[in-house]
Amino acid sequence: FALAGAPTGLFAEASAPAAAIVVPSYFWRDYPFSSEDRARMQKTLLQAYAMAILAGLDPGVVPEELVARQGRVKLWIVPATQKLLSATWSELVRRARDGATVYASYYASDFDFHQGMWWDERAMQQAIGARHRLRYGVLDHPGDRVVLKAGKRAVMSCPVPPPYADEPMRSSFLPLEPTTAKTLLRDDKGRPALLANAVGKGRWLFNAFAVEYLLTLPIEPNASGATG
């Protein structure tokens, strides 16, 4: 698993995996009016890879520029991602309509600048099957710990930096009001956490908490069993 160099040369000849983690082009390229903490992005992507391996998957790692070329992927993983190109979000929705499962988790911002997911609001809310209650510029801090539960059973638990920490937007969650989506997981405060929404022949899974980022903060979360 390597994240260095130009993406198209590294991955153009790779065989199509059944599951794939999407690497944002913002990891490779500088865009106007955008700034990223690429060290944080790398840790988040590596955490998602570790979680996929623990779940019994063997995921590929696909730069977003190549998503349209990977026709046989059945599970797309977009972990704690704020920004993809508009064409990539549209392509992932198309893949879901054609029968794939797309998992994405919320990430507000690396910095206190242009917060919230860079995805057309109407398209996003249709895909995830929920309306968001984001208030721009207002921190939606989840509390001192995120505990995700299926009924009464806790499936994930991790600490959260306090709201006065550096760059507190990184730990934000997205308040959601499901419309067409089914709520699979809630947090210990009863807030919708993981939603499943039918999109054409496939489905979109959306996590309102930046769990892949948060799980990079404790020491050895995978070894301690914190990832489920």
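Values below: every heavy atom of this structure, side chains too, minus hydrogens, waters and symmetry copies. This is a predicted model, so every value here is computed, not measured.
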*Is it the case that one hydrophobic cluster holds both Val155 and Val147, taking links as side-chain heavy atoms less than 4.5 Å apart, direct or via other members?*
no
*Hey, could you give me the CG/CZ distance between Asp37 and Arg170, rounded to the nearest 0.5 Å?*
4.5 Å
*Any donor and acceptor pair, going by atom type alone, linking the side chain of Glu64 with main-chain N or O of Pro24 inside 3.5 Å?*
no
*Would you indicate whether Arg40, at its atom CZ, is surrounded by more than 12 heavy atoms from other residues, nucleotides or ligands within a distance under 6.0 Å?*
yes
_Could you check whether Arg131 and Thr179, counting side-chain N and O atoms only, form a donor-acceptor pair closer than 3.5 Å?_
no
_Reference residue Tyr107; test ring pair (Phe, Tyr, Trp, His ring centres under 6.0 Å); the match among Tyr213, Phe209, Trp119_ = Tyr213
*Return yes if some donor-acceptor pair links the side-chain N/O of Arg191 with the main-chain N/O of Phe173 below 3.5 Å, else return no.*
no
_Whether His141 side chain and Tyr164 backbone form a donor-acceptor pair below 3.5 Å_ = no
*How many angstroms lie between atom CD of Gln126 and atom CD1 of Ile128, to the nearest 0.5 angstrom?*
11.0 Å
*Spacing of CE belonging to Met41 relative to CD belonging to Glu212, to within rounding of 0.5 Å*: 13.0 Å
*Can you tell me how far the CH2 atom of Trp28 sits from the CD atom of Glu36, to the nearest 0.5 Å?*
14.0 Å
*Starting at OG of Ser90, measure out to CG of Leu84 and round the result to the nearest 0.5 Å.*
10.5 Å
*Determine yes or no for a side-chain-to-main-chain donor-acceptor pair under 3.5 angstrom, with Arg203 supplying the side chain and Tyr103 the backbone.*
no
*Worked check of side-chain contact (heavy atoms from CB on, under 4.5 Å) between Asp140 and His132*: CA-CA 12 Å; Asp140 290 297; His132 73 75; over 6 Å; no
_Straight-line distance of Asp98 CG to Glu91 CD, nearest 0.5 Å_ = 8.5 Å
*Verify, without hydrogens or angle tests, whether Thr81 (side chain) and Pro79 (backbone) share a donor-acceptor contact under 3.5 angstrom.*
yes
*Which pair of heavy atoms, one from Asn197 and one from Thr180, lies closest together, and at what distance?*
OD1-OG1, 2.7 Å
*Neighbour count >12 (heavy atoms, 6.0 Å) for atom NZ, Lys182*: no
